[in-house]
Amino acid sequence: MPDLPLSDLPLAGITVVSVEQAVAAPYATRQLADLGARVIKVERPGGGDFARRYDTTVHGESSYFVWLNRSKESVTLDLKTAAGRRVLGQLLGRADVFVQNLAPGAAERMGFGVEALKERFPSVIPCSITGYGSTGPWADRKAYDLLVQCQTGLVSLTGGPEEPARVGISVADIAAGMYAYSGILTALFARAVSGTVRPVEVSLFEALAEWMGQPANYTRFGGSQPPRVGTQHATIAPYGAYRCADGKDVLISIQNEREWASLCGRFLRQPALTDDPRFATGAERVVHRAELNTIVARRFAELDSAEAAEELDAAGIANAGVNDVADFVAHPVLAERDRWRDVTLPGGTAVPALIPPVDLDGVTPRMEPVPGPGEHTDAVLGELGYGEDEVRELRGSGIV
């Protein structure tokens, strides 16, 4: 089936206006843009989204911003001014979706809260991304990714026995962005089917709380939380990384009794271990993890990492080398499956970026340039009917 032209992408014809910053909202809207939605990103004059300045590693651009903002149009507006808010209202008059992850209460104070939008723009789907929800005792509390990792207890599960650690990516922001994206798609579907506009709200805390379901059950009903075990698994054994003779680590994952028997007989070469009462069940193997790890580690230490992987593959045991980020970037699966595409930066340099992970038959996702701050302001204002003199006046006043 041939690729669809850009105008026929699944979300072509959908306009999203997003007053967004940082990670969560930009991640949600970038995914909409990938599938053809027009995303107009509203930024502050004089600098734009502060994520542009998180770092300068990608040819002077922020690694976060390059990842999150391709295929968007950037418009600068000072929303603290009446003129800036008037332009935003004009944009919303042509929009299908309004996304914002401003500080608590900011959208309401500007006149763009959910209730005001229902009154002024009844067909627009509002999506609010908050820290801890728009109601409740922490509605006015600021939230950032690591704070939410701490509040949900995730940090207490991550790291080794001696010290907790943050997850090394912005996992709370990513979770919220994913749920906002799926919520917006659901709301667009509901509007198309029934005409009903359903506002969407996602909080970073509740998005990550959903991911904490298993440890919550384990703690509530088991009497204590899962222990921190580094690259081991808290509730499955053997499951973790083991050091090989060449100094490299190989991780294995034993998920069931068939795999356990194969590991014992074909890799460890100790089939009698399957009858050892210490290791007879998954729960017993966790209880006797230290003894089991000594046995497993001894076998890994006899082999270099390539030999270990070959024997594990032959035994049907899931395994992986413990890659660093450079190994991941050069991963043969990404190369052989053609997952990289070039995206152009504001200065014109092209850099590789991963295409979205969901493949839709016949659909090539948009991988258009990352915008410079306010790059599309004049063009968008022109669409709204502003003449050159009016745009010049707005720019001279610092409104755009």
Side-chain angles (χ1 to χ4, degrees), residues 6 16-79 99-103 129 144-146 166-178 180-181 204 324-331 334-335 338-357 364-380 395 398 400:
L6 184 61
V16 180
V17 174
S18 189
V19 183
E20 61 180 27
Q21 55 198 357
V23 176
Y27 188 44
T29 60
R30 195 219 72 195
Q31 293 174 89
L32 297 169
D34 287 342
L35 293 180
R38 182 186 188 188
V39 176
I40 300 174
K41 179 184 180 79
V42 177
E43 303 188 66
R44 298 178 182 87
D49 182 346
F50 55 73
R52 288 183 180 273
R53 298 178 296 283
Y54 278 165
D55 60 70
T56 57
T57 57
V58 187
H59 299 284
E61 302 291 339
S62 160
S63 56
Y64 279 90
F65 196 86
V66 170
W67 166 46
L68 297 167
N69 290 284
R70 64 178 180 240
S71 305
K72 299 180 184 179
E73 300 171 45
S74 172
V75 171
T76 50
L77 282 178
D78 184 353
L79 297 179
V99 180
Q100 62 88 13
N101 66 333
L102 297 170
I129 300 177
Y144 300 114
D145 184 87
L146 182 52
R166 68 177 287 269
V167 177
I169 58 174
S170 301
V171 64
D173 287 313
I174 293 168
M178 288 298 302
Y181 169 60
L204 273 67
D324 60 20
V325 178
D327 294 327
F328 154 70
V329 169
H331 204 289
L334 298 176
D338 194 26
R339 304 305 293 184
W340 296 100
R341 297 290 185 278
D342 280 350
V343 169
T344 304
L345 303 182
T349 303
V351 297
L354 286 168
I355 63 175
T364 299
R366 292 171 70 193
M367 302 289 285
E368 294 183 2
V370 177
E375 179 180 338
H376 302 90
T377 301
D378 289 10
V380 170
R395 193 172 299 285
V400 301

[X]: side-chain contact (heavy atoms from CB on, under 4.5 Å) partners, not counting sequence neighbours:
{"X": "Ala25", "value": "Glu20, Val99, Asn101, Ile129"}
{"X": "Arg44", "value": "Gln21, Phe50"}
{"X": "Thr377", "value": "Val75, Thr76, Leu381, Arg395, Val400"}
{"X": "Asp342", "value": "Ala350, Pro352"}

Kindly give the heavy-atom pair with the smallest separation between [X] and [Y], and that separation in Å.
{"X": "Ser74", "Y": "Glu43", "result": "OG-OE2, 2.6 Å"}
{"X": "Ala24", "Y": "Leu204", "result": "CB-CD1, 4.3 Å"}
{"X": "Val66", "Y": "Leu345", "result": "CG2-CD2, 3.5 Å"}
{"X": "Lys72", "Y": "His376", "result": "O-CE1, 3.7 Å"}
{"X": "Gly177", "Y": "Ala28", "result": "O-CB, 3.4 Å"}

(Q) Check whether Ser63 reaches the backbone of Thr57 with its side chain - one donor and one acceptor, N or O, closer than 3.5 Å. (A)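 Pair absent, no side-chain N/O of Ser63 close to backbone of Thr57.
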Q) OG/Ser71 to CE/Met367 distance, rounded to the nearest 0.5 angstrom? A)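 Reported to 0.5 Å precision, the distance equals 7.0 Å.
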(Q) Quick check for you: to the nearest 0.5 Å, what is the distance between Arg341 atom CZ and Arg366 atom CZ? (A)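 Spacing of CZ (Arg341) from CZ (Arg366) equals 16.0 Å.
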(Q) According to ring pair (Phe, Tyr, Trp, His ring centres under 6.0 Å), who are the partners of Tyr64, at least two apart in sequence or on a separate chain? (A)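 In terms of ring pair (Phe, Tyr, Trp, His ring centres under 6.0 Å), with neighbours along the sequence ignored, Tyr64 is linked to Tyr54.
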Q.
Going by the rule ring pair (Phe, Tyr, Trp, His ring centres under 6.0 Å), which residues pair with Tyr27 if we only count those two or more places apart in sequence or in a different chain?
A.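 Checked Tyr27 against ring pair (Phe, Tyr, Trp, His ring centres under 6.0 Å); matches are Trp67.
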Q: For the residue pair Lys41 and Thr29, confirm or rule out a side-chain donor-acceptor distance under 3.5 Å.
A: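 Not at all, the side chains of Lys41 and Thr29 share no donor-acceptor pair under 3.5 Å.
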